[in-house]
Peer 1: 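Got a structure for you, questions after.
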Amino acid sequence: MKSFFATAAINTSLLGMALCSAILPIQAKESTSYERIAEPMAPRNIQILLEKDAEGALLEVKGPYYIFNPHDGSRVSSGLLGKRFMIHELENGLRWGEEFPGIHQIYIKPRSAETAIFINGIQYSGAIAIYGVSGTINIVNDLDIESFTKSILTSQFLSPLEPEVMSALAILARTDAYYRAMRANENSYWHISAQDVNYQGSALVVSNSSIDKAVDSTRNLILLHAENGQDSPFATTWTEHSAGKTAPYSSIFRKETYNPEKGVEAPHAALARQESKWSYQVGKKTLAHLFDIPQIKSVELFVDKSSSKVYGIRIKDGEESYDIDFFTLQASLGNRNLQSSDFTVTLKDENLVFTGFGRGHGVGLCLYSANALAQNGENAVKILSKFFPETYLYNLNAIPK
């Protein structure tokens, strides 16, 4: 039987507006993985794993570029007009059209702002690092966090929200990126996986769009939270409709982070709670088949007491117990069916009936409430202060160089 994870409690208070007073230098944690990329990197970059243990990949560069050997920092090649070949790891080094004898790592850096790099047809900004490992390759995108923030938001918000809400989201996405970069394993060549954060490259980013403006207008602003005497960025997220109250990050995601330990009331979403009601019915045999369970005799819910949000369920077949976290359950049933973490379950004949309220996992910024606040004249800072208590806004430009 898989048992549910316990998490440590975290301290929390109210958001201030200290935009300029530097307290803690926020930059990527130094590590051996950074040292192996010899090209000077902005301290505010993030490395995203695009391909892992791939046999090969189609690598195309349009425009002038340099190729460096990260092992010793030497420049091993360059081009003016671009290049398009499959890249592979051979026994004696990498091959990309030409062979690089004895070189199993290359770092491709654009020589011009107009240079574009494509991996398997997907366009990426920034630089690309290729690491050959035992006949396979790992491909990493080395990108400044401002560009990464635009890419992440563009893939998630095809329709613009209120400008102040978009600004709040830009601050949250940037905060999360710094958190991930600082918390990554120092022996790793990357901070995050593109698959884990739904990173889809740079092709969809539109200049002068609402997202572009939101990221630029909040440039270098992040949230910090005090934990163990240290002020640090933390994992952030947002939910479509909290149905009246948000849950702590650690309760639903079951991860120890620097996040505030309490959810907050969301009065605007509470007023619209009944309007957000949903119901979904699934056969017991269908659910049992999805999780390879012999039969379903009973179902219990793991509930965060402060918000009444569900972070997992326990299914019993009469002899064994099976614990399933909310995200696995939602992925299996579909987010159009299991629409939120605010639900109850009843057994009805041979079916399970889920009845719930709201949309999304119920953690972080409630977009429904944030839009209402913005329409009432609240700015991004005020909106964030309501959903992330005991945090404060921090301007990275305040860091002495």
Peer 1: Taking atom CD as the centre, does Q281 end up with more than 12 heavy-atom neighbours from other residues, nucleotides or ligands that are less than 6.0 angstrom away?
Peer 2: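 Yes, enclosed.
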Peer 1: Does the side chain of F354 come within less than 4.5 Å of L329's, by heavy atoms?
Peer 2: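 Yes - at least one pair of side-chain heavy atoms lies under 4.5 Å apart.
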Peer 1: Could you tell me the separation between the CG atom of L365 and the CZ atom of F388, rounded to the nearest 0.5 Å?
Peer 2: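 Here the interatomic distance stands at 5.5 Å.
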Peer 1: Below 4.5 Å, heavy atoms only, C-beta onward: do K316 and E300 meet side chain to side chain?
Peer 2: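 The answer is yes, as the side chains (C-beta and beyond) meet within the 4.5 Å cut-off.
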Peer 1: Donor-acceptor pair, S276 side chain versus A243 backbone, under 3.5 Å?
Peer 2: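 It does not hold such a pair.
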Peer 1: When you check the gap from the basic side-chain N to the acidic O, do K309 and D342 get nearer than 4.0 Å?
Peer 2: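 Salt bridge flag = yes for D342 with K309.
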Peer 1: Work out which heavy atom in F343 is nearest to a heavy atom in L301; give both atom names and the distance.
Peer 2: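 That would be O-CD1, 3.7 Å.
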Peer 1: Dump the intermediate steps for side chain to side chain contact (heavy atoms under 4.5 Å, CB included) on L172 and F387, then the final yes or no.
Peer 2: CA-CA 11 Å; L172 292 179; F387 287 93; over 6 Å; no
Peer 1: Just one of N220, T236, T149, T218 clears the side-chain hydrogen bond (donor to acceptor under 3.5 Å, both in side chains) bar with R174, so which one?
Peer 2: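 For R174, the side-chain hydrogen bond (donor to acceptor under 3.5 Å, both in side chains) check succeeds only for T218.
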Peer 1: Under a 4.5 Å cut-off applied to non-hydrogen side-chain atoms, are F357 and Q274 in contact?
Peer 2: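 A side-chain contact under 4.5 Å exists here.
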Peer 1: Evaluate the side-chain proximity of L169 to I211: yes if any heavy-atom separation is below 4.5 Å, no if none is.
Peer 2: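 Not touching, per the 4.5 Å side-chain cut-off.
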Peer 1: Within 45 degrees of the axis of the six-membered ring of Y66 and under 6.0 Å from its centre: does R75 put its NZ or CZ there?
Peer 2: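 No cation-pi geometry.
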Peer 1: Are a donor atom and an acceptor atom from the side chains of N198 and Q200 found within less than 3.5 Å of each other?
Peer 2: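 Distance-only check passes for N198 and Q200.
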Peer 1: Can you check whether L158 reaches L204 side chain to side chain, under 4.5 Å on heavy atoms?
Peer 2: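 No; the side chains remain at least 4.5 Å from each other.
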Peer 1: Might you point out which heavy atoms bring S340 and W278 nearest each other, and give the distance in Å?
Peer 2: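 Answer, listing the atom of S340 first, then W278: OG-NE1, 3.1 Å.
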Peer 1: If you count every heavy atom of other residues, nucleotides or ligands that lies below 6.0 Å from R111 atom CZ, does the total exceed 12?
Peer 2: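 Counting other residues, nucleotides and ligands, CZ of R111 exceeds 12 neighbours.
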Peer 1: Could you go through Q47 and N45, starting from their C-alpha distance and side-chain angles, then the distance that decides it, and tell me whether this counts as side chain to side chain contact (heavy atoms under 4.5 Å, CB included)?
Peer 2: CA-CA 7 Å; Q47 284 79 49; N45 273 30; 4.0 Å; yes
Peer 1: For P64, is there any backbone N or O sitting under 3.5 Å from a side-chain donor or acceptor partner on T115?
Peer 2: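 Between the backbone of P64 and the side chain of T115 there is a qualifying donor-acceptor contact (under 3.5 Å).
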Peer 1: Ignoring hydrogens and angles, state whether a donor on the side chain of D325 or T328 is under 3.5 Å from an acceptor on the partner side chain.
Peer 2: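 Yes, side-chain donor-acceptor contact under 3.5 Å.
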Peer 1: Are there more than 12 heavy atoms of other residues, nucleotides or ligands under 6.0 Å from atom CD of Q295?
Peer 2: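 Counting neighbours around CD of Q295, more than 12 heavy atoms of other residues, nucleotides or ligands fall under 6.0 Å, so yes.
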Peer 1: Please indicate whether R95 has more than 12 foreign heavy atoms, meaning atoms of other residues, nucleotides or ligands, lying under 6.0 Å from its CZ.
Peer 2: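 No.
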Peer 1: Would you call the rings of F253 and H361 parallel, tilted or perpendicular, taking 30° and 60° as the class edges?
Peer 2: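 The arrangement is perpendicular - the two ring planes meet at more than 60°.
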Peer 1: Would you check if the side chain of H88 reaches a backbone N or O of E55 as a donor-acceptor pair within less than 3.5 Å?
Peer 2: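 Yes, because the side chain of H88 sits within donor-acceptor range (under 3.5 Å) of the backbone of E55.
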Peer 1: Within the side chain of S74, is there an N or O that forms a donor-acceptor pair under 3.5 Å with the backbone of V76?
Peer 2: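 No.
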Peer 1: Has the side chain of S369 got a donor or acceptor atom that lies under 3.5 Å from a matching backbone atom of C366?
Peer 2: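 Pair absent, no side-chain N/O of S369 close to backbone of C366.
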Peer 1: Is there side-chain contact between L367 and R359, with at least one heavy-atom pair below 4.5 Å?
Peer 2: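 No, every pair of side-chain atoms sits at 4.5 Å or beyond.
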Peer 1: Using 0.5 Å steps for rounding, measure from the CD1 atom of I145 to the CD1 atom of I152.
Peer 2: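 The CD1 atom of I152 is 11.5 Å from CD1 of I145, to the nearest 0.5 Å.
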Peer 1: Can you name the nearest heavy-atom pair linking L50 to I128, along with the distance?
Peer 2: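 Minimum heavy-atom contact is CD1-CD1, 4.0 Å.
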Peer 1: Anything under 30° is parallel, anything over 60° is perpendicular, the rest tilted; go ahead and classify H225 against F234.
Peer 2: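 Answer is perpendicular, since the angle exceeds 60°.
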Peer 1: Between N141 and Y199, do the side chains contain a donor N or O and an acceptor N or O under 3.5 Å apart?
Peer 2: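 The answer is yes; a qualifying pair exists.
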Peer 1: For T246 and G364, which heavy atoms make the closest approach, and how far apart are they?
Peer 2: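 Result for this residue pair: CG2-O, 3.4 Å.
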Peer 1: Are the side chains of L352 and L347 in touch, meaning some heavy atoms are under 4.5 Å apart?
Peer 2: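 Yes. Closest side-chain heavy atoms under 4.5 Å.
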Peer 1: Determine whether the aromatic ring centres of residues F326 and F302 are separated by less than 6.0 angstrom.
Peer 2: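 Centroid distance F302-F326: not below 6.0 Å, so no.
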Peer 1: List the steps and the verdict of side chain to side chain contact (heavy atoms under 4.5 Å, CB included) for L58 and I119.
Peer 2: CA-CA 6 Å; L58 179 60; I119 304 293; over 6 Å; no
Peer 1: Backbone N or O of N335 within a donor-acceptor pair of the Q330 side chain at under 3.5 Å?
Peer 2: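 No, the answer is negative, given that no donor and acceptor are paired below the 3.5 Å cut-off.
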Peer 1: Please evaluate residues I46 and Y178 with respect to the criterion side chain to side chain contact (heavy atoms under 4.5 Å, CB included), reporting the C-alpha separation (whole Å), side-chain torsions for both, the decisive distance (0.1 Å), and the verdict.
Peer 2: CA-CA 8 Å; I46 189 166; Y178 274 96; over 6 Å; no
Peer 1: If the condition is ring pair (Phe, Tyr, Trp, His ring centres under 6.0 Å), which residues does F157 pass it with, not counting sequence neighbours?
Peer 2: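 Ring pair (Phe, Tyr, Trp, His ring centres under 6.0 Å) check on F157 returns W238.
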Peer 1: Can you name the residues that form a ring pair (Phe, Tyr, Trp, His ring centres under 6.0 Å) with Y65, not counting sequence neighbours?
Peer 2: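 Per chain and number, Y65 pairs via ring pair (Phe, Tyr, Trp, His ring centres under 6.0 Å) with W96.
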Peer 1: Within a strict 4.5 Å, meaning less than it, do heavy atoms of the T355 and T346 side chains meet?
Peer 2: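 When only atoms from C-beta onward are counted, T346 and T355 do not touch, as no gap falls below 4.5 Å.
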Peer 1: Determine, step by step, whether Y107 and D142 satisfy the side-chain hydrogen bond (donor to acceptor under 3.5 Å, both in side chains) criterion, reporting the C-alpha distance in whole Å, the side-chain angles of both residues, the deciding distance to 0.1 Å, and the verdict.
Peer 2: CA-CA 9 Å; Y107 183 81; D142 178 25; 2.6 Å; yes
Peer 1: Would you give the length of the straight line joining atom OG of S78 to atom NZ of K109, rounded to the nearest 0.5 angstrom?
Peer 2: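 One finds 13.5 Å between OG of S78 and NZ of K109.
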Peer 1: Let me confirm one number: the CD1-CG distance from I324 to L287, rounded to the nearest 0.5 Å.
Peer 2: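 CG of L287 is found 6.0 Å from CD1 of I324.
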Peer 1: What distance separates S217 OG from M166 CE, expressed to the nearest 0.5 Å?
Peer 2: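 The distance works out to 10.0 Å.
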Peer 1: Would you give the length of the straight line joining atom CD1 of I87 to atom CD1 of I130, rounded to the nearest 0.5 angstrom?
Peer 2: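 Output value for this atom pair is 4.5 Å.
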Peer 1: Do you know the tightest heavy-atom contact between M86 and G56?
Peer 2: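 For M86 versus G56, the nearest heavy atoms are CE-C, 4.1 Å.
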Peer 1: Under the ring pair (Phe, Tyr, Trp, His ring centres under 6.0 Å) rule, collect the residues that match up with Y368, sequence neighbours excluded.
Peer 2: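 By the ring pair (Phe, Tyr, Trp, His ring centres under 6.0 Å) rule, Y368 matches H241.
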Peer 1: Looking at E164 and K382, is there a salt bridge between them, counting it only when a charged N and a carboxylate O are closer than 4.0 Å?
Peer 2: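 Salt bridge flag = no for E164 with K382.
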Peer 1: Quick check: closest heavy atoms across K150 and D216, and the distance to 0.1 Å?
Peer 2: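 The pair with the smallest heavy-atom distance is NZ-OD1, 3.0 Å.
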Peer 1: So does D292 have more than 12 non-hydrogen atoms from other groups sitting under 6.0 Å from CG?
Peer 2: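 Atom CG in D292 is not packed in, count stays at 12 or less.
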Peer 1: Using only heavy-atom distances, determine whether the side chains of Y322 and D317 contain a donor-acceptor pair under 3.5 Å.
Peer 2: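 Side-chain D/A pair, Y322 to D317: present.
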Peer 1: Give the C-alpha distance, both sets of side-chain angles, the deciding distance and a yes or no for salt bridge (charged side-chain N to carboxylate O under 4.0 Å, His left out) between E146 and R44.
Peer 2: CA-CA 8 Å; E146 297 302 312; R44 297 163 188 176; over 6 Å; no
